[in-house]
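Take a look at the structure set out below.
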Amino acid sequence: MSTAQRIVVDPITRIEGHLRIEAATDEQGRITSAYSAGTMVRGIEIILRGRDPREAWALAQRICGVCTLVHGIASVRAVENALKIEVPSNAQLIRNLMIGAQYIHDHVMHFYHLHALDWVDVVSALKADPKATSALAQSISGYAKSSPGYFSDVQKKLKGFVDAGQLGIFANGYWGHPAYKLPPEANLMAVAHYLDALAWQRDVVKLHAVFGGKNPHPNFVVGGVPCAISIDPNHQGHGKGPHFHGGNSGTAVNVVGLQTVQNAIKQMREFVDQVYVPDTLAIAGFYKDWFKQGEGVGNFLTFGEFPAKGMSDSSSYLIPSGVILDRDLSKIHPIDLDAEGEIQEFVSHAWYDYSVGKAQGLHPYKGETKLDYTGPKPPYDHLDVDKDYSWMKSPRWKGKPVEVGPLARVLMLYASGHEQTKELVGMTLKKLDLPVQALYSTMGRTAARTLETKIIADQMQGWYDQLIANIKAGDVKTFNETKWEPSTWPSHAQGVGITEAPRGALSHWIVIKNQKIDNYQAIVPSTWNAGPRDAQGNQGPYEAALQGHQLHDVKQPIEVLRTIHSFDPCIACAVHLTDPNGEELVQVKVM
């Protein structure tokens, strides 16, 4: 494609990690093709080789600093799957609560702090009438912080930032861009809730600290969870491995910790019901044209999550496992994780090499992480997209690109007949006067994330109540010591740990030989969504979703940000690019 018609957005900001988007536009500013490039590499899979499988989670969890527990969950599940270890009921309930809290926290943070500014003109909020803003807020929700005085205070605070030239987190946006459609009052309401969400998130993450000892990166253990349960202060924990905490230990979960968890669940549900859901519907009503663009590949995959009877019983998952092809919600295709021809990763346009050649895919059990950078030396104007152009591989299911994430999960729940999902989707579409096909879009993806948050927030109380019922019945077991000792393991074992991270289907694949990790591969959600083209030229979901976008201004491509942010990209934790002497080669200013 002609470089004269190419736009480059690098870095895509308000995400985790480093992502570059290059796109070709026609003379009218319409995107004719797009390319997604991950511009960083870390190699944690290589670091894990030769280590004790029981400690893999602690390193694998550092793949990401935003999804602070999902890689840990996937890692311990991979080892448990390989060694055929079932976890106690309490451990499964605690994991469900921790994963559910991650969803709710992550989705709210994404909406307000990473994605809302694509739709909300912050500076426009200075023109709002606080009384009219209060009336708007009270018309859509019973949220307590909706008085004219409250919005007036927020507006004064914002004006102080602007007058001092210290917009800080709101700096360098495309404020005043003609693509913004919200009235000033809606913008002021959204800015106020942006600030409220910052305070809210500090309290709800306490749930992770209660069960995992800290946040970010709470603790985990193969065979269960690392926290003992102690209601009776005289109770003393027993067992091998990590299950040794006494009743008076600060690491044991007691009635105070359980009440903290209950309070966090209550705060989550209130904010979701009174702020997040109403705000999404209000904003979506002004951007109904975004329910008609940004679809992607039309195929969707989920691994499933929130088991009621353990990971080995997929029929008990709240979120089902399966694949939807070509928008056809009448059929869910099953996934065989062990079949070599189903899930494969390709490196046809990635800076890796395979021993079988770059055109052939590999199942993760046989996956290879061989770095082979053949790209341009920075600084450079454009990538050579006809060759290799990304540090991300290209996962495929039976050779097909698939989208993962909240939209995939809501579609899977809807297609499987989940009553609450059908009710929420129906209510949302009716309120916005839209057909089911509107879900396959940029705004559909954003709305699905909100509906999913509501579904999981409502489930949290049930998991908590079941945990309390178990404890009252005398069941306080949180760890299965069976097969904890390596001497009980076979000489060769392999397994896969699956979860549904907030951003989509996540899998960790482990091969254990002679009690050590022989191979480790992780396929993360944003690899499925953001990967480059494969050997057949098939686009990944990011690339396909951008095609056809009409840009108002190629120098301020807010349309690109809207669609890419709707996936909630997570390209992994930041790294420094240095030369052999340790000097920085490039410095990027974040927008």
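Within a 6.0 Å radius of CD in E423, other residues, nucleotides and ligands contribute 12 heavy atoms or fewer.
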Should W397 and L325 be marked as a side-chain contact (heavy atoms from CB on, under 4.5 Å) after you check the CA-CA gap, both sets of side-chain angles, and the distance that decides it?
-> CA-CA 11 Å; W397 181 79; L325 295 177; 4.1 Å; yes
Walk me through it: do E305 and T499 pass the test side chain to side chain donor-acceptor pair (under 3.5 Å)?
-> CA-CA 6 Å; E305 186 51 276; T499 184; 2.3 Å; yes
Please assess E500 against T302 for the test side chain to side chain donor-acceptor pair (under 3.5 Å), listing each intermediate value before the final yes or no.
-> CA-CA 7 Å; E500 284 291 326; T302 62; 4.7 Å; no
Hey, mind stepping through L97 and F211 against side-chain contact (heavy atoms from CB on, under 4.5 Å) and telling me if it holds?
-> CA-CA 9 Å; L97 286 166; F211 291 130; 4.1 Å; yes
Evaluate the side chain to side chain donor-acceptor pair (under 3.5 Å) criterion for residues N263 and Q259: first the C-alpha distance (whole Å), next the side-chain angles of each, then the deciding distance (0.1 Å), finally the verdict.
-> CA-CA 6 Å; N263 293 342; Q259 186 59 52; 3.0 Å; yes
D458 and Q420: side chain to side chain donor-acceptor pair (under 3.5 Å), yes or no, with the steps?
-> CA-CA 10 Å; D458 288 348; Q420 187 184 15; 2.8 Å; yes
Go through Y276 and F271 one step at a time and tell me if the ring-ring contact (aromatic ring centres under 6.0 Å, His included) criterion holds.
-> CA-CA 6 Å; Y276 184 22; F271 198 87; 7.9 Å; no
Stepwise, does the side-chain contact (heavy atoms from CB on, under 4.5 Å) test hold for H115 with R14?
-> CA-CA 8 Å; H115 193 29; R14 285 184 272 128; 5.7 Å; no
Evaluate the side-chain contact (heavy atoms from CB on, under 4.5 Å) criterion for residues L371 and V41: first the C-alpha distance (whole Å), next the side-chain angles of each, then the deciding distance (0.1 Å), finally the verdict.
-> CA-CA 9 Å; L371 297 98; V41 65; 3.3 Å; yes
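Distance check, rounded to the nearest 0.5 Å: CD1 of I229 to CG of D475 gives 7.5 Å. For the atom pair NZ (K84) and CH2 (W489), the distance works out to 13.5 Å, reported to the nearest 0.5 Å. Separation of atoms OG (S526) and CE (M392) is listed at 7.5 Å; rounding is to 0.5 Å.
By the 4.5 Å heavy-atom criterion applied to side chains, F300 and V323 are not counted as neighbours. Contact check for W351 versus D372: no side-chain heavy atoms found under the 4.5 Å cut-off. Side-chain contact between P11 and L19 is absent, with no heavy atoms from C-beta onward closer than 4.5 Å. Using a 4.5 Å heavy-atom threshold, the side chains of Y317 and I498 count as touching. Between P395 and Q344, the closest side-chain pair of non-hydrogen atoms is not below 4.5 Å. Counting only heavy atoms from C-beta outward, the side chains of H208 and K214 never approach each other to under 4.5 Å. Counting only heavy atoms from C-beta outward, the side chains of S394 and H349 never approach each other to under 4.5 Å. Side chains of T421 and I455 form a contact here, defined as non-hydrogen atoms less than 4.5 Å apart.
A salt bridge links R503 with D106; the closest basic N to acidic carboxylate O contact falls under 4.0 Å. The pair R51-E45 does not meet the salt-bridge criterion, since no charged nitrogen lies less than 4.0 angstrom from a carboxylate oxygen. Of the charged side-chain nitrogens involved, none lies within less than 4.0 Å of a carboxylate oxygen, so that R445 and D568 do not count as a salt-bridged pair. Ion pairing of E340 with K366 is present here, as a side-chain N (NZ or NE/NH1/NH2) and a carboxylate O approach within less than 4.0 Å. Between D518 and R49, none of the side-chain N atoms (NZ, or NE/NH1/NH2) sits under 4.0 Å from a carboxylate O, so this pair counts as no salt bridge. Under 4.0 Å is where a charged nitrogen must lie from a carboxylate oxygen, and between R95 and E80 at least one such pair does. Salt bridge status for K454 with D273: present, with a side-chain N to carboxylate O gap under 4.0 Å.
Aromatic ring centroids of Y373 and W391 lie under 6.0 Å apart. Between H508 and W57, the distance separating the two ring centers is not shorter than 6.0 angstrom. Checked against a 6.0 Å centroid threshold, the rings of Y103 and H107 count as neighbours.
Nearest heavy atoms, I319 versus E452: CD1-OE2, 4.4 Å. Nearest heavy-atom pair, I324 versus M412, reported as atom, atom and distance to 0.1 Å: CG1-CE, 3.9 Å. Residues Y389 and R533 come closest through the heavy atom pair OH-N, 3.0 Å. Shown here for V404 and L301, the closest heavy-atom pair between the two residues is CG1-O, 3.5 Å. Residues I343 and I335 approach most closely at CD1-CG2, 4.3 Å, considering heavy atoms. In this structure, P88 and T478 approach most closely via the heavy-atom pair CG-C, 3.8 Å.
Side-chain atoms of Q61 and H71 include no donor-acceptor pair closer than 3.5 Å. In this structure, a donor-acceptor pair under 3.5 Å is present between the side chains of W509 and S507. Between the side chains of S355 and E368, at least one donor-acceptor pair of N or O atoms lies under 3.5 Å. No hydrogens or angles considered: a donor-acceptor pair under 3.5 Å links the side chains of S75 and Y520.
Relative ring orientation between Y542 and F567 is described as tilted, the plane-to-plane angle lying within the 30° to 60° band.
A cation-pi geometry, defined here as NZ or CZ lying under 6.0 Å from the six-membered ring centre and within 45° of its normal, does not hold between R396 and F346. By the 6.0 Å and 45° rule, K370 does not stack over the aromatic ring of Y354.
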